Number of protein chains: 2
Amino acid sequence: MNKTGHISTSELAKRGGVNLQTIRYYERTGLLPKPPRSGSGYRQFSPESVRRVRFIKRAQELGFSLKEIKELLALRIAPGSTRAEVRKRAESKIQDIDGKVEHLRAMKKALVQLTDSCCGNGPASNCPILESLSLDKERK
Amino acid sequence: MNKTGHISTSELAKRGGVNLQTIRYYERTGLLPKPPRSGSGYRQFSPESVRRVRFIKRAQELGFSLKEIKELLALRIAPGSTRAEVRKRAESKIQDIDGKVEHLRAMKKALVQLTDSCCGNGPASNCPILESLSLDKERK
DNA sequence: TTACACCCTGTACTTAGGTATAGAGTCAAG
DNA sequence: CTTGACTCTATACCTAAGTACAGGGTGTAA
């Protein structure tokens, strides 16, 4: 960050933990707002952009696509969207999250069982426990 | 499923909720074991394959890559891996999962705040709450 | 005033994860 | 004994999400 309080593209990339080109890609696709430019055309990102980039990466690791992440980032009362409408979209995202947490919990339980009992002290076995991980409710 | 207890490729696809070609793709890449074939070369999947396909899709939604999913499915005591080694790998997967859950929880909290306070009855605001979602510990 | 480390745009390439299509065989029902 | 709904392989194509140049400008320190 220089004395003007802005950071360069490569600095944002470094601090956000992504490739330089990825920053420009995010800008092109609207995930990052277009930053102001210096006289010679250099991008001037605000230091807060770092948090945004990290948020994007983290959300991706949680299985959200860039499109979904854009929706998440758009969740605010902008001109043209009512509070009720924003609330509805947010609640649907919350449900997505709850679903993910539930599946992760089931997965963890299976893994804990694997380490605890199956790999405890008993005799070696095949223990295909993950495949019995069935939240599936057999909808046919 | 026919009287032999096997299901066809297209049936597996249907019941697993994926495209027909995806089944063959999973087989090629080793996510599904090569099934036995009928006299005329038709694949004969066991009904349990359905669970496996669904597990793969679910794990993908949770942000695991097919490579990671393959590792998850390989977590068992196979000849050539010791119990201690399997346990170590499983524990590392459990940590992945705990990390994901933690991030999801933080994300949910931010969304709940968004719906509760920001979009409650107060005046409309810009409320960029998601960007202040910072678990980041500013490692520089 | 030039060397070097930056920055820009535009375009092309890559990888993961599928999907589609062509061309040919299988099999049960009419 | 043919028609229609399946199956197979091989190959080509597609989208998402980057990533890598090429060709050129900028800025500063020696």
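Chain letters run A, B, ... following the sequence lines, proteins first, then strands; residues in each count from 1. For clarity, every value in this text was computed on a predicted model and none was experimentally measured.
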Q. Expressed in angstrom and rounded to an integer, what is the separation of A:L20 atom CG from D:dG18 atom P?
A. 14 Å
Q) In whole angstroms, how far is the P atom of D:dT7 from the CZ atom of B:F45? A) 11 Å
Q: Supply the atom-to-atom distance B:L73 CG to B:K70 NZ, rounded to the nearest 0.5 angstrom.
A: 10.0 Å
(Q) With a 4.0 Å cutoff (strictly under), does any side-chain N or O of B:R43 reach OP1 or OP2 of D:dT9? (A) yes
Q) Do B:R52 and B:E48 meet the salt-bridge criterion of a basic N to acidic O distance under 4.0 Å? A) no
Q.
Could you tell me the boundaries of the chain B footprint on DNA chain C, defined by atoms under 4.0 Å from its heavy atoms?
A. C:dG17 to C:dC27
Q) Side chain of B:S10: nearest nucleotide among D:dT7, D:dC21, D:dG18? A) D:dT7
Q: Would you mind telling me which residue lines up with the more 5' stretch of DNA chain C, A:R28 or A:G41, judged by nearest nucleotide?
A: A:G41
Q: May I have the distance from B:Y25 (atom OH) to D:dA10 (atom C1'), rounded to whole angstrom?
A: 16 Å
Q | Reported NE2-to-CZ distance for the pair B:H6 and B:R37, which is rounded to 0.5 angstrom | A | 13.0 Å
Q: Could you state the atom-to-atom distance from CD of A:E68 to P of D:dT15 in whole Å?
A: 19 Å
Q) What is the distance, rounded to the nearest whole Å, between atom CD1 of A:I23 and atom P of D:dG18? A) 10 Å
Taking distance alone, no hydrogens or angles, what donor-acceptor pairs closer than 3.5 Å link side-chain atoms of residues 21-34 of chain B to residues at least two apart or in another chain?
unit_1 : atom_1 : unit_2 : atom_2 : d
B:E27  : OE1    : B:R43  : NE     : 2.5
B:T29  : OG1    : B:Y25  : O      : 3.0
B:T29  : OG1    : B:Y26  : O      : 3.3

Q) Base, sugar-phosphate alone, or nothing: which one does B:T29 contact when heavy atoms must sit under 4.0 Å apart? A) nothing
Q) Want to settle it: does B:Q21 or B:S8 sit nearer the 5' end of DNA chain D, counting the closest nucleotide to each? A) B:S8
Q | Basic-acidic side-chain contact under 4.0 Å: A:E91, A:R87 | A | yes
**Q.** Shortest side-chain distance from B:T9, nucleotide among D:dT7, D:dT9, D:dT19
**A.** D:dT7
Q: Whole angstrom is fine here: how far is it from CZ in A:F64 over to C1' in D:dA16?
A: 17 Å
Q) Where is the tightest heavy-atom contact between A:L62 and A:K100, given as atom of each residue plus distance? A) O-NZ, 3.0 Å
Q) Are B:V18 and B:I7 grouped together when hydrophobic residues (ILVMFWY) are joined by side-chain heavy atoms under 4.5 angstrom apart? A) yes
Q.
Any salt bridge linking A:R15 with A:E11? Criterion: basic side-chain nitrogen under 4.0 Å from a carboxylate oxygen.
A. yes
Q: Quickly work out the A:R24 CZ to D:dC21 P distance and round it to whole Å.
A: 14 Å
Q: Provide the closest heavy-atom pair for B:A90 versus A:T115 in the form atom of the first, atom of the second, distance.
A: CB-CG2, 3.3 Å
Q. Could you run down nucleotides 23-29 of chain D 5' to 3' and tag each one B, S or - for protein heavy-atom contact under 4.0 Å?
A. --BBS--
